[in-house]
Asks: 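Please find one structure pasted underneath; my questions will follow.
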Amino acid sequence: AKTQFGIAVSPLTDQMASDSTRLPGKFHRDPADRFIVSTARQMDATLVTRDSKILQYGAEGHVQVMNA
């Protein structure tokens, strides 16, 4: 991941894309959100978001989240 100004940019890997199709629990079908969640899970990163669906998924313990 390339870091600049405290922000890390990471490419979407084949593994992240593949994992996005089989996330644990129930998560909606939006492919972009699934890529975001899969990437955070693979990188053991915390998502900072206001997206209620991602926040709920995090509250269920599937991904680390922080309400923005």
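Since the structure is predicted, the reported quantities are computational estimates derived from the model, not experimental observations. FYI, side chains are in, hydrogens and waters are out, and symmetry mates aren't considered; it's all heavy atoms of this structure.
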Asks: Linking Ile, Leu, Val, Met, Phe, Trp and Tyr by side-chain heavy atoms under 4.5 Å, what else ends up with Val48?
Replies: Met66

Asks: Please tabulate, one pair per line, all N/O donor-acceptor pairs under 3.5 Å involving side-chain atoms of residues 34-41, not counting sequence neighbours.
Replies:
from	atom 1	to	atom 2	distance (Å)
Arg34	NE	Ser20	O	2.7
Arg34	NH1	Phe27	O	3.2
Arg34	NH1	His28	O	3.0
Arg34	NH2	Ser20	O	3.0
Ser38	OG	Met16	O	2.7
Thr39	OG1	Phe35	O	2.8
Arg41	NH1	His62	O	2.5

Asks: Suppose we screen for side-chain hydrogen bond (donor to acceptor under 3.5 Å, both in side chains). Which residues come up paired with Asp44, at least two apart in sequence or across chains?
Replies: Gln64

Asks: I would like to know whether Tyr57 and Leu23 meet side chain to side chain contact (heavy atoms under 4.5 Å, CB included); could you show each step before the answer?
Replies: CA-CA 10 Å; Tyr57 193 66; Leu23 293 171; 3.3 Å; yes

Asks: Quick one: side-chain hydrogen bond (donor to acceptor under 3.5 Å, both in side chains) partners of Ser18, sequence neighbours excluded?
Replies: Arg22

Asks: For a quick test of reading the model, state the closest non-hydrogen atom pair linking Val65 to Thr46 and the distance between them.
Replies: C-CG2, 3.7 Å

Asks: Which pairs count as salt bridge (charged side-chain N to carboxylate O under 4.0 Å, His left out) when at least one residue sits in residues 54-67, sequence neighbours excluded?
Replies: none

Asks: If the condition is side-chain hydrogen bond (donor to acceptor under 3.5 Å, both in side chains), which residues does Asp51 pass it with, not counting sequence neighbours?
Replies: none

